[in-house]
Amino acid sequence: MEMEQLVALCKRRGFLFQSSEVYGGLQGFWDYGPMGVELKRNVREAWWRDMVTSHNELDVPPGAPSAFEMTGLDCAIIMHPQVWKCSGHYDLFHDYMVDCRESKRRYRYDQVCGRWVTCKSHRIFVASEVGGKEAEELTQHKAMKFFDLRAKDAAALDWDGPLVSLSTVRDFSQTLGPDAKTLGTLTEPREFNLMFKTIAGALGGEEDTVFLRPETAQGIFVNFKNVCDSTRVKIPFGIAQIGKSFRNEITPRNFTFRSREFEQMEIEFFCRPETSPQWYQYWRGRRYQWYLDLGLSRERLRLRDHEKEELSHYSCGTADIEYAFPFLASGEFGELEGVAHRGDFDLRSHMEGKLVRQDGQLVVELDGEGKPRYRGSGKDLSYLDEVTKERFIPHVIEPSAGADRATLAFLCEAYCEDEAPDEHGKPTRRVVLKFHPRLAPIKAAVFPLVKKDGMPEVAREIYAALKPHLTVFYDEKSAVGRRYRRQDEIGTPFCITVDGQTLQDGTVTVRDRDTLRQWRIPKGECLAELRSRLAM
RNA sequence: GCGGGUGUAGCUCAAUGGUAGAGCGGCGGCUUCCCAAGCCGCUGACGUGGGUUCGAUUCCCAUCACCCGCUCCA
């Protein structure tokens, strides 16, 4: 399947539009049209229902170490800036970078250093990515090469002062980049604000800077105590949240896959440290199965454990659920969801302050004066087991899914071109979205075969009877074949058609999207028939 | 961020230094008893901003967006 055809269908049938298209579009932002909003809503609702509302906390689900509770939360997108300092996002997302036009490499501005040198009446700054003694040798070597000197002519280089940071250099036109052979190839330092910055308060200045959340998870961690105190939930339990998050992706690309505004479906599952490995295994498998159950094919979906080197400094295990999107090279997969064992990193961070790994231990990061780099809340976020009277900091398993990525995967999986006979029985090309019935934006369409002989009246009755229960669509325009094809393109699983026989015996035909098969049922049984076929 | 490509109607594609044409679609009508049929009519576009020119959709520059490759990626 060509991605362009899916993108074209999404636009033509109202699934996805480029954001602000009338103004030429905005990179990394997308709008869901009338069909798209239903599809994405169905994805979200399937997730919420399956993970939260239909979960029975009295039973032990297959594969789970024990019974557990699930509850929900909906946090503000904007939170106290300290949240992001302690979570580590602030430091991670705030780098000044310089790019080299020649080497195509990108450097952290604060990590590049170098020395001034004069030779042949020409004063240049020789930059290096490394520091210390190594940098002295490197810059010497680079300067020799640049001025075309032989080893014995090293004395011709007149070094001007010690190794200094690139940030002391005003003008890059006389700067030799770390991997460049010519001068002036470095761009101005640019701040990479991977978090969206804004101002809280109408008169707010720099000190009122706040951030749009780059993930929903932190809202759950900082509300952990509130949830415990207000709901009587007992460990093990999970808190689920669906909501928008924002990241300034450097390269938004591949349709909605890497968007700057996106929606997450996250669970933070809190458990006793000693049972956390089993819970990690449980969620890993459960979340993988969820995508299979909603129609993603086993061939295109995989569960991949991260290598040790790939793990974040705080994670004791992470697995990605990945889909072979058609825009990726064959054999490549894109992340739909990450299931991470995060230990007690997050709750501890919000108690003690930003943590770093030191000698295999997570310790509070200190500044130059030996004080915490970012102070935590100071609140006790530990958990007291009221039965055993044990107090501990729960460990966290985090299944974090992308709602837009899941929606895109379901669209890709559903897109299908096959052949259907036309009115002369000749096979013609048909485009159909074979959505799982739970995800289909429209569950059924109702047609009169022709717009006369009282058929529209009966069809409208059926439509009105279905409308309160299911998302249905009525159409009486043009030939019935065309109407079927239109429904195929938006993935409607069933069409109900009123014909001449309906007027005689009260039966209607039901037509199946995937098989094109038709059968008759009494017109009064449409709702029951659809409910059983849709399994809803 | 870099390099290459693309940008004309809702979609697919034409033509042109003198203000754009088709097919499909959509809408209305006629016809039509099961898979994009037929007939009639209607609808509708040069991504944006500059420049050159008497005149630019066409040439030039910039910009925005998309695609491909590289880079980056919590």
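Only heavy atoms go into these numbers, but all of them, side chains included; no hydrogens, no water, no symmetry mates. First the proteins, then the strands, lettered A, B, ... as listed; each starts at 1.
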Here the distance between atom P of B/U12 and atom CG of A/L9, to the nearest Å, is 12 Å
Tell me what A/E249 touches on the nucleic acid: a base, only sugar-phosphate, or nothing, going by heavy atoms under 4.0 Å. base
Could you check whether the side chain of A/R258 and the base of B/C73 have a donor-acceptor pair of N or O atoms closer than 3.5 Å, going by distance alone? yes
Report yes or no: do A/D499 and A/T497 form a side-chain donor-acceptor pair below 3.5 Å? no
Whole-Å distance separating the NZ atom of A/K451 from the P atom of B/G28: 7 Å
In numerical order, the residues of residues 452-462 of chain A whose heavy atoms come under 4.0 Å of RNA chain B are A/K452, A/D453, A/M455
Taking atom C1' in both B/C64 and B/G47, what distance in whole Å separates the two? 7 Å
Spacing of A/R517 atom CZ relative to B/C34 atom C1', expressed in whole Å: 15 Å
Would you classify A/F29 as touching base, sugar-phosphate or nothing, given that sugar-phosphate means primed atoms plus P, OP1 and OP2, and contacts are heavy atoms under 4.0 Å? nothing
Gap between atoms OH and P, on A/Y23 and B/G7 respectively (whole Å): 25 Å
Kindly indicate whether the side chain of A/Y484 and the base of B/C34 share any N or O donor-acceptor pair separated by less than 3.5 Å? yes
Let me have the donor-acceptor pairs involving side chains of residues 452-459 of chain A, under 3.5 Å, with sequence neighbours excluded, atom names and distances please.
none

Contact class for A/S478 vs. all strands (heavy atom < 4.0 Å): base, sugar-phosphate, or nothing? nothing
Looking at the rings of A/Y484 and A/F447, which for Trp means the six-membered one, are their centres under 6.0 Å apart? yes
A/L516 atom CG is separated from B/C35 atom P, nearest whole Å, by 10 Å
Over how many whole Å does the gap from A/L449 atom CG to B/C34 atom C1' extend? 5 Å
Which is true for A/E215 with a 4.0 Å heavy-atom rule: it touches a base, it touches only sugar-phosphate, or it touches nothing? nothing
Between B/C67, B/C35, B/C11, which nucleotide has the shortest distance from any of its atoms to the side chain of A/E4? B/C67
Euclidean distance, atom CZ of residue A/R483 to atom C1' of B/U32 [Å, nearest integer]: 10 Å
Under-4.0 Å side-chain N/O to phosphate OP1/OP2 contact, A/R253 with B/C66: no
For atom P, what is the distance between B/C13 and B/G18, given to the nearest Å? 25 Å
To the nearest Å, how far apart are A/R511 CZ and B/C35 C1'? 6 Å
Counting only Watson-Crick and G-U wobble pairs with both atom distances below 3.5 Å, the stems of 3 or more consecutive pairs that include RNA chain B are B:1-7 with B:64-70, B:10-13 with B:21-24, B:25-30 with B:38-43, B:47-51 with B:59-63
Are A/F211 and A/F196 an aromatic pair by the rule of ring centers under 6.0 Å? no
Using the P atom as the reference point in each nucleotide, state the distance between B/G5 and B/C61 in Å, no decimals. 12 Å
If you measure only the distance, is there a donor-acceptor pair under 3.5 Å linking the side chains of A/Y32 and A/E38? no
Considering only heavy atoms, which members of residues 493-503 of chain A lie under 4.0 Å from some atom of RNA chain B? A/T497, A/D499, A/G500
Any donor-acceptor pair under 3.5 Å joining the side chain of A/R482 to the base of B/A36? no
Is the ring pair A/F257/A/F325 parallel, tilted or perpendicular, if the boundaries are 30 and 60 degrees? perpendicular
Answer yes or no: does a side-chain N or O of A/Q27 lie under 4.0 Å from OP1 or OP2 of B/C66? yes
Would you mind listing every side chain to side chain donor-acceptor pair (under 3.5 Å) that reaches into residues 256-267 of chain A, with sequence neighbours excluded? A/K40-A/E263, A/R44-A/E263, A/T216-A/E266, A/K244-A/E261, A/S245-A/Q264, A/E266-A/S400
Can you tell me if the side-chain N/O atoms of A/K11 get under 4.0 Å from OP1 or OP2 in B/C11? yes
Return yes if a side-chain donor-acceptor contact under 3.5 Å exists between A/D404 and A/T407, otherwise no. no
Without placing hydrogens or testing angles, list every side-chain donor-acceptor pair under 3.5 Å for residues 19-30 of chain A, not counting sequence neighbours.
| residue | atom | partner | partner atom | Å |
| --- | --- | --- | --- | --- |
| A/E21 | OE2 | A/K11 | NZ | 3.0 |
| A/W30 | NE1 | A/F255 | O | 3.2 |

Identify whether any heavy atom of A/R486 sits under 4.0 Å from a base atom; if not, whether one sits that close to sugar-phosphate; answer base, sugar-phosphate or nothing. sugar-phosphate
Do A/S276 and A/H341 meet the criterion of a side-chain donor-acceptor pair at a distance under 3.5 Å? yes
Select base, sugar-phosphate, or nothing to describe what A/E489 touches, counting heavy atoms under 4.0 Å on all strands. base
